[in-house]
K.L.:
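Sharing a structure, written as structure tokens. Questions coming.
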Protein chains: 2
Amino acid sequence: MATSDPVYLRVVEDIRRQINDGTLPPGAPIPSRAQLTRKYQVGETAARHALRVLVTEGLIIGRVGSGHYVRERPILMPLHRWRFPEHPTPFAADLQTQGRRVTWEWQIDSTEATPEIARRLRLPLSAKLTRTRYLYRGEGRPLQLAISYEPVEFAAHLDEERRGVMARMSAHGVRITEIRETVHTRVPRPAEADALQLPAGTHVLHVERTHWAGERPMETSDIVLPGDRFRVTYSMPVG
Amino acid sequence: MATSDPVYLRVVEDIRRQINDGTLPPGAPIPSRAQLTRKYQVGETAARHALRVLVTEGLIIGRVGSGHYVRERPILMPLHRWRFPEHPTPFAADLQTQGRRVTWEWQIDSTEATPEIARRLRLPLSAKLTRTRYLYRGEGRPLQLAISYEPVEFAAHLDEERRGVMARMSAHGVRITEIRETVHTRVPRPAEADALQLPAGTHVLHVERTHWAGERPMETSDIVLPGDRFRVTYSMPVG
DNA sequence: CGACGACCCTTGGAGCCCCAACTTTGCGGC
DNA sequence: GCCGCAAAGTTGGGGCTCCAAGGGTCGTCG
């Protein structure tokens with residue numbers, strides 16, 4: 001409102017308003033740098049800066065040679081947890097119940113515990129682990145990355161039919177009694193931005209999930225989701 | 001690695017590496033624009049752009065007239081949920097158990113249901129609601145915003161001693177049986193960035209919490225936390 | 001009628017410059 | 001020894017320009 005604040009903000013706020021109130025629907029082109037300078041009577045630097053801010057906010061996307069366009073408002077897919085604790089891929093399972101086809105790839109290898117993973121699994125640094133990397137896709141687009149770590153001795157049945165963590169562990173006489181998850185948000189690492197095809201400026205949701213058997217952590221995984229497309233939902237019965 | 005990618009990225013990656021491996025500890029000054037142009041043999045535009053990217057990523061902070069500094073790596077405060085379902089302010093409660101003093105302010109007023117809130121509470125748009133706005137502070141700094149909505153008839157005891165949602169409802173014969181929470185991340189709204197004193201480029205965690213009595217939603221709240229400082233933790237016993 | 005190339009426009013990288021507002025520092029005077 | 005002020009350095013807003021790479025369009029040629 002104040003006419004004293006930066007001119008590029010005037011442009012940003014005007015375009016943002018138009019996107020929010022639907023004047024500029026998803027897919028609509030944003031005026032080019034040259035058009036903005038004329039329309040708002042600002043220099044090229046200000047026009048360019050305004051566009052960059054909007055890209056960073058995830059509201060618009062720039063295509064070289066073509067223009068800037070209002071980004072598709074992603075349907076925030078609810079990822080119901082807790083109702084599928086026995087399923088190895090609750091996210092995928094739930095997405096399928098919503099009529100979406102979800103496919104996944106995974107790679108299994110062996111590794112040693114990093115400081116962070118050792119802390120989470122309460123194991124020494126030299127501990128041998130089986131690492132499984134998952135990439136989930138829906139409608140051709142990557143949806144979610146996950147890396148799971150568990151002691152090698154439990155991963156025996158993994159190749160044959162990908163049974164869930166809990167089923168696999170119970171085959172070894174280990175009963176999972178609790179799942180703990182921590183959700184936070186951060187800037188994607190370059191590899192993640194690449195794998196998930198994230199536009200610049202978007203954040204990811206990072207879910208840290210650990211399966212516990214009593215007081216012993218048995219498996220832990222890092223789940224990375226595009227933060228602007230996903231919600232993680234928890235349901236907790238009371239009393 | 002490739003010498004063909006933008007020069008500003010070379011600067012970004014070098015500084016990012018130094019921050020990550022501890023060469024530049026929290027609080028350490030980043031070379032100024034003029035120094036960067038000399039050190040990396042780049043133009044002012046590239047140096048400036050590199051700094052802006054690092055600010056956007058939340059790694060450094062710029063102070064006008066002084067310089068850029070490595071941001072304090074915030075201790076990601078774990079916010080354990082589920083263990084305090086009976087407490088109206090589980091976040092605050094948990095922070096106190098970690099030896100932090102947390103204070104809060106709140107304002108109560110009346111409002112009508114917005115489309116979003118009406119949907120969540122399954123009420124008509126004209127429904128009268130009691131809205132309570134909370135601002136939590138710890139060590140002087142704002143920590144968390146929350147806005148709670150509930151039908152006016154349940155808010156009776158709110159003034160006297162701020163009993164929790166569930167206790168207040170049970171005084172009216174309503175038994176809460178389930179809490180559902182949805183976590184996602186987004187860019188803060190201007191008012192939120194202001195209230196939470198968020199630096200540019202940081203995201204917030206948005207927790208949508210609804211208290212249910214059987215199949216009826218009874219109360220819903222929006223909880224907004226600085227995404228780079230907080231984790232939300234869920235613990236789920238497995239049957 | 002279809003394919004291909006020329007031309008225009010757009011983004012994104014990069015360079016250089018000016019200026020206001022603010023911080024830090026160091027020097028001179030009391 | 002201390003205070004205050006001036007000078008130097010720094011960020012952030014803004015302006016202008018050049019250029020490479022790529023998208024779009026239209027007209028021409030085979």
Side-chain angles (χ1 to χ4, degrees), chain A residues 1-15 24 27-71 190 193-194 197-202, chain B residues 1-15 24 27-71 190 193-194 197-202:
Chain A
M1 283 290 181
T3 53
S4 65
D5 56 25
V7 290
Y8 83 88
L9 270 187
R10 241 185 49 223
V11 181
V12 167
E13 276 159 19
D14 193 51
I15 296 178
L24 288 170
I30 302 291
S32 71
R33 265 163 25 190
Q35 291 172 322
L36 287 178
T37 56
R38 282 195 297 275
K39 181 172 176 188
Y40 293 94
Q41 295 292 312
V42 298
E44 229 219 56
T45 308
R48 191 189 278 237
H49 191 22
L51 289 171
R52 183 182 292 280
V53 168
L54 290 165
V55 168
T56 301
E57 287 182 3
L59 285 175
I60 67 177
I61 186 170
R63 274 193 271 278
V64 179
S66 173
H68 284 94
Y69 301 89
V70 179
R71 275 187 76 194
D194 196 54
Q197 292 172 25
L198 298 174
T202 55
Chain B
M1 281 291 180
T3 52
S4 64
D5 57 26
V7 290
Y8 83 87
L9 270 188
R10 241 185 49 222
V11 181
V12 167
E13 277 160 19
D14 193 53
I15 296 177
L24 288 170
I30 303 290
S32 71
R33 263 162 29 187
Q35 291 172 322
L36 288 178
T37 57
R38 283 194 296 276
K39 181 173 176 190
Y40 293 94
Q41 294 293 310
V42 297
E44 224 216 62
T45 309
R48 190 190 279 235
H49 190 23
L51 290 170
R52 183 182 293 279
V53 168
L54 291 165
V55 168
T56 301
E57 288 182 2
L59 285 176
I60 67 176
I61 186 170
R63 274 193 270 279
V64 179
S66 173
H68 284 95
Y69 301 88
V70 179
R71 276 188 75 193
D194 195 54
Q197 292 171 25
L198 298 174
T202 55

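Throughout, a chain's letter reflects where its sequence line sits, starting with A, and its residues are numbered from 1.
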K.L.:
Establish, with yes or no, whether the OP1 or OP2 oxygen of C/dT10 is under 4.0 angstrom from a side-chain nitrogen or oxygen of A/Ser32.
P.N.:
yes
K.L.:
Rounded to the Å, how far apart are A/Arg52 CZ and C/dG12 P?
P.N.:
8 Å
K.L.:
Hey, does the side-chain of A/Thr45 have a donor or acceptor N/O within less than 3.5 Å of a partner on the base of D/dG15?
P.N.:
yes
K.L.:
Could you tell me the separation between the CZ atom of B/Arg33 and the C1' atom of D/dG13, rounded to a whole number of Å?
P.N.:
10 Å
K.L.:
What pair of heavy atoms forms the shortest contact from A/Leu36 to A/Ala47, and how long is it?
P.N.:
CB-CB, 3.9 Å
K.L.:
Would you say D/dG13 has OP1 or OP2 under 4.0 Å from some side-chain N or O of A/Tyr8?
P.N.:
yes
K.L.:
Provide, to the nearest angstrom, the distance between the CD atom belonging to B/Glu44 and the C1' atom belonging to D/dT11.
P.N.:
10 Å
K.L.:
Do the side chain of A/Ser66 and the base of D/dG23 come within less than 3.5 angstrom through a donor-acceptor pair of N or O atoms?
P.N.:
no
K.L.:
Starting at atom NE2 of A/His49, determine the distance to atom C1' of D/dG13, rounded to an integer number of angstrom.
P.N.:
8 Å
K.L.:
Map B/Pro31 and A/Gln41 onto DNA chain D by nearest heavy atom, then report which one ends up closer to the 5' terminus.
P.N.:
B/Pro31
K.L.:
Ignoring hydrogens and angles, answer whether the base of D/dG13 and the side-chain atoms of B/Arg48 contain a donor-acceptor pair closer than 3.5 Å.
P.N.:
yes
K.L.:
Between C1' on C/dG12 and CD1 on A/Ile60, what's the gap in Å once rounded to a whole number?
P.N.:
13 Å
K.L.:
Calculate the interatomic distance between A/Leu51 atom CG and C/dG12 atom C1'; express it in whole Å.
P.N.:
11 Å
K.L.:
With respect to the side chain of B/Pro6, which nucleotide from D/dG12, D/dT10, C/dG13 is positioned closest?
P.N.:
C/dG13
K.L.:
Select base, sugar-phosphate, or nothing to describe what A/Gly65 touches, counting heavy atoms under 4.0 Å on all strands.
P.N.:
base
K.L.:
Could you tell me the separation between the CD1 atom of B/Ile61 and the C1' atom of C/dT23, rounded to a whole number of Å?
P.N.:
15 Å
K.L.:
So does B/His68 get a side-chain nitrogen or oxygen closer than 4.0 Å to the phosphate oxygens (OP1/OP2) of D/dT11?
P.N.:
yes
